[in-house]
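Worksheet for the structure shown next.
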Amino acid sequence: MTDLTISTTSYALLQGGITCWKYSVATKVTAIWVPGFIDNEDEECPEEGGAALLKYISELDIETMTRVRAASPWLKPNYSQTADQTYWANHCQTCDALQGDHFVYSPDGPFFPQDQAGVDQLKVMPGHGPLMASASTAQSGWMDLVKLPAGG
Ligand SMILES: [Zn+2]
(Lines give C-alpha, C1' and ligand atoms only; values in the text may rest on other atoms or scores of the structure.)
Protein backbone atom coordinates (compact mmCIF):
# COMPACT_ATOMS: atom_id res chain seq x y z
CA MET A 1 0.00 0.00 0.00
CA THR A 2 1.50 3.28 -1.09
CA ASP A 3 0.32 6.85 -0.92
CA LEU A 4 1.68 7.42 -4.42
CA THR A 5 -1.61 6.56 -6.01
CA ILE A 6 -1.20 8.50 -9.26
CA SER A 7 1.06 6.84 -11.81
CA THR A 8 1.98 8.02 -15.30
CA THR A 9 4.37 6.84 -17.99
CA SER A 10 5.81 10.31 -18.56
CA TYR A 11 5.39 13.91 -17.56
CA ALA A 12 6.51 17.43 -18.37
CA LEU A 13 6.95 20.65 -16.45
CA LEU A 14 4.97 23.63 -17.69
CA GLN A 15 6.31 27.02 -16.79
CA GLY A 16 4.34 30.23 -16.82
CA GLY A 17 4.40 33.57 -15.09
CA ILE A 18 2.21 35.27 -12.51
CA THR A 19 2.36 38.35 -10.35
CA CYS A 20 3.19 37.68 -6.72
CA TRP A 21 0.22 38.64 -4.55
CA LYS A 22 2.49 40.07 -1.90
CA TYR A 23 4.73 42.61 -3.60
CA SER A 24 3.34 42.64 -7.15
CA VAL A 25 6.50 41.34 -8.79
CA ALA A 26 6.57 38.95 -11.74
CA THR A 27 7.53 35.44 -10.78
CA LYS A 28 7.71 32.05 -12.49
CA VAL A 29 5.38 29.21 -11.61
CA THR A 30 5.60 25.58 -12.60
CA ALA A 31 2.95 22.92 -13.04
CA ILE A 32 3.40 19.20 -13.60
CA TRP A 33 1.58 18.05 -16.73
CA VAL A 34 0.94 14.40 -17.56
CA PRO A 35 -0.29 13.02 -20.91
CA GLY A 36 -2.50 10.53 -19.09
CA PHE A 37 -2.59 8.80 -15.72
CA ILE A 38 -3.90 5.92 -13.66
CA ASP A 39 -5.37 6.69 -10.26
CA ASN A 40 -4.94 3.66 -8.01
CA GLU A 41 -6.58 5.17 -4.96
CA ASP A 42 -9.28 2.53 -5.18
CA GLU A 43 -7.12 -0.55 -5.68
CA GLU A 44 -10.09 -2.65 -6.72
CA CYS A 45 -11.02 -0.25 -9.44
CA PRO A 46 -8.20 1.99 -10.77
CA GLU A 47 -9.37 4.97 -12.77
CA GLU A 48 -7.75 6.08 -15.99
CA GLY A 49 -7.58 9.69 -17.05
CA GLY A 50 -6.29 11.73 -19.96
CA ALA A 51 -4.00 14.73 -20.11
CA ALA A 52 -4.02 16.49 -16.76
CA LEU A 53 -2.21 18.76 -14.35
CA LEU A 54 -1.28 17.55 -10.89
CA LYS A 55 -2.44 19.85 -8.13
CA TYR A 56 -1.98 19.75 -4.37
CA ILE A 57 0.94 17.33 -4.74
CA SER A 58 1.81 15.97 -1.29
CA GLU A 59 4.33 13.36 -2.44
CA LEU A 60 6.44 12.56 -5.51
CA ASP A 61 8.67 9.64 -6.32
CA ILE A 62 12.33 10.36 -5.60
CA GLU A 63 13.51 10.72 -9.21
CA THR A 64 10.77 13.12 -10.15
CA MET A 65 11.30 15.06 -6.95
CA THR A 66 14.99 15.49 -7.76
CA ARG A 67 14.21 16.60 -11.30
CA VAL A 68 11.55 19.09 -10.19
CA ARG A 69 13.86 20.54 -7.54
CA ALA A 70 16.61 21.06 -10.12
CA ALA A 71 14.36 22.59 -12.79
CA SER A 72 12.06 24.61 -10.54
CA PRO A 73 13.52 25.24 -7.09
CA TRP A 74 10.56 27.52 -6.33
CA LEU A 75 8.25 24.51 -6.41
CA LYS A 76 8.69 22.91 -3.00
CA PRO A 77 6.65 21.49 -0.14
CA ASN A 78 5.07 23.99 2.20
CA TYR A 79 2.10 24.18 4.52
CA SER A 80 -0.80 26.15 3.09
CA GLN A 81 -3.23 27.62 5.59
CA THR A 82 -5.79 28.12 2.84
CA ALA A 83 -5.68 24.46 1.85
CA ASP A 84 -4.86 23.28 5.39
CA GLN A 85 -2.32 20.80 4.07
CA THR A 86 1.31 20.53 3.10
CA TYR A 87 1.85 20.27 -0.64
CA TRP A 88 4.33 21.13 -3.38
CA ALA A 89 3.53 24.78 -3.98
CA ASN A 90 5.11 27.50 -6.08
CA HIS A 91 6.98 30.28 -4.28
CA CYS A 92 7.87 33.81 -5.33
CA GLN A 93 11.47 34.04 -6.54
CA THR A 94 11.76 37.48 -4.93
CA CYS A 95 10.10 37.18 -1.53
CA ASP A 96 9.50 33.41 -1.21
CA ALA A 97 5.79 33.92 -0.53
CA LEU A 98 3.71 30.80 -1.19
CA GLN A 99 1.68 31.09 -4.40
CA GLY A 100 -1.18 28.75 -3.55
CA ASP A 101 -2.63 26.31 -6.06
CA HIS A 102 -6.06 27.94 -5.71
CA PHE A 103 -4.38 31.10 -7.07
CA VAL A 104 -1.91 29.62 -9.58
CA TYR A 105 -4.62 27.48 -11.22
CA SER A 106 -7.36 30.12 -11.14
CA PRO A 107 -8.75 31.61 -14.38
CA ASP A 108 -6.46 34.60 -13.78
CA GLY A 109 -3.40 32.36 -13.65
CA PRO A 110 -1.13 31.14 -16.46
CA PHE A 111 -2.53 27.61 -16.49
CA PHE A 112 -5.90 28.62 -17.89
CA PRO A 113 -5.17 29.20 -21.60
CA GLN A 114 -8.11 29.85 -23.89
CA ASP A 115 -6.56 28.62 -27.13
CA GLN A 116 -3.48 27.09 -28.76
CA ALA A 117 -1.71 30.46 -28.67
CA GLY A 118 -2.19 30.57 -24.91
CA VAL A 119 -0.91 27.02 -24.55
CA ASP A 120 2.13 27.86 -26.69
CA GLN A 121 3.10 30.63 -24.27
CA LEU A 122 3.85 28.04 -21.63
CA LYS A 123 7.42 26.76 -21.58
CA VAL A 124 7.42 22.96 -21.77
CA MET A 125 10.26 21.01 -20.17
CA PRO A 126 10.02 17.25 -20.68
CA GLY A 127 10.55 15.08 -17.63
CA HIS A 128 12.52 11.87 -17.52
CA GLY A 129 10.73 8.57 -17.20
CA PRO A 130 7.58 7.69 -15.33
CA LEU A 131 6.10 9.54 -12.39
CA MET A 132 4.30 8.53 -9.24
CA ALA A 133 2.59 11.03 -7.01
CA SER A 134 0.11 11.62 -4.31
CA ALA A 135 -1.89 14.48 -5.78
CA SER A 136 -5.17 15.72 -7.19
CA THR A 137 -5.66 15.71 -10.93
CA ALA A 138 -7.29 18.46 -12.97
CA GLN A 139 -8.30 17.74 -16.55
CA SER A 140 -9.22 20.35 -19.15
CA GLY A 141 -9.42 20.38 -22.94
CA TRP A 142 -6.37 22.60 -23.47
CA MET A 143 -4.12 20.02 -21.80
CA ASP A 144 -4.40 17.87 -24.93
CA LEU A 145 -2.82 20.74 -26.87
CA VAL A 146 0.47 20.65 -24.97
CA LYS A 147 3.27 19.78 -27.38
CA LEU A 148 6.48 18.26 -26.15
CA PRO A 149 9.60 19.70 -27.78
CA ALA A 150 10.83 17.49 -30.61
CA GLY A 151 13.93 15.38 -30.17
CA GLY A 152 13.93 15.71 -26.37
ZN1 LIG B 1 6.84 37.97 -3.89
Side-chain angles (χ1 to χ4, degrees), residues 2-8 10-37 39 41 49-150 152:
T2 168
D3 287 336
L4 298 168
T5 53
I6 304 288
S7 66
T8 76
S10 64
Y11 69 98
L13 302 178
L14 303 186
Q15 192 176 293
I18 57 166
T19 302
C20 170
W21 54 269
K22 204 166 182 185
Y23 296 115
S24 301
V25 290
T27 190
K28 291 177 205 161
V29 286
T30 299
I32 300 182
W33 172 89
V34 297
F37 64 90
D39 184 345
E41 185 162 8
L53 293 186
L54 303 186
K55 296 166 67 173
Y56 297 107
I57 301 164
S58 55
E59 280 185 75
L60 287 170
D61 68 88
I62 300 276
E63 277 180 40
T64 304
M65 194 166 77
T66 307
R67 171 104 178 127
V68 169
R69 281 227 160 116
S72 308
W74 52 85
L75 185 59
K76 57 189 178 182
N78 199 347
Y79 174 75
S80 161
Q81 284 184 332
T82 310
D84 189 24
Q85 69 173 105
T86 296
Y87 67 89
W88 282 68
N90 283 281
H91 291 72
C92 175
Q93 282 103 69
T94 302
C95 73
D96 207 37
L98 187 147
Q99 314 290 313
D101 279 11
H102 65 284
F103 174 59
V104 172
Y105 296 106
S106 76
D108 293 333
F111 303 118
F112 226 97
Q114 299 302 309
D115 50 24
Q116 183 73 57
V119 174
D120 290 344
Q121 280 179 13
L122 298 169
K123 185 178 166 193
V124 182
M125 292 172 284
H128 288 310
L131 168 152
M132 290 182 77
S134 173
S136 306
T137 51
Q139 296 185 72
S140 182
W142 69 264
M143 295 169 195
D144 292 323
L145 304 175
V146 173
K147 287 180 223 145
L148 293 171

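Fair warning: this is a prediction, and the values are worked out from it, not measured in the lab. Whatever order the structure lists ligands and atoms in, that order sets their numbers, starting from 1.
Here the Zn ion (ligand 1) has protein N, O or S atoms under 2.8 Å from it, and they come to 3.
Within the structure, salt bridge (Lys or Arg N to Asp or Glu O under 4.0 Å) pairs that include any residue of residues 74-100 comprise Lys76-Asp96 (at least two apart or interchain).
Considering only heavy atoms from C-beta on, Tyr11 comes within 4.5 Å of Arg67 through its side chain.
The backbone N or O of Ala89 sits nowhere less than 3.5 Å from a side-chain atom of Asn78 that would complete a donor-acceptor pair. Counting only distance, with no hydrogens or angles, the side chain of Gln139 and the backbone of Gly50 share a donor-acceptor pair below 3.5 Å. Trp21 contributes a side-chain N or O that, together with a main-chain N or O of Leu98, makes up a donor-acceptor pair within less than 3.5 Å. Looking only at distances, a side-chain donor or acceptor of Trp33 sits under 3.5 Å from a matching main-chain atom of Met143.
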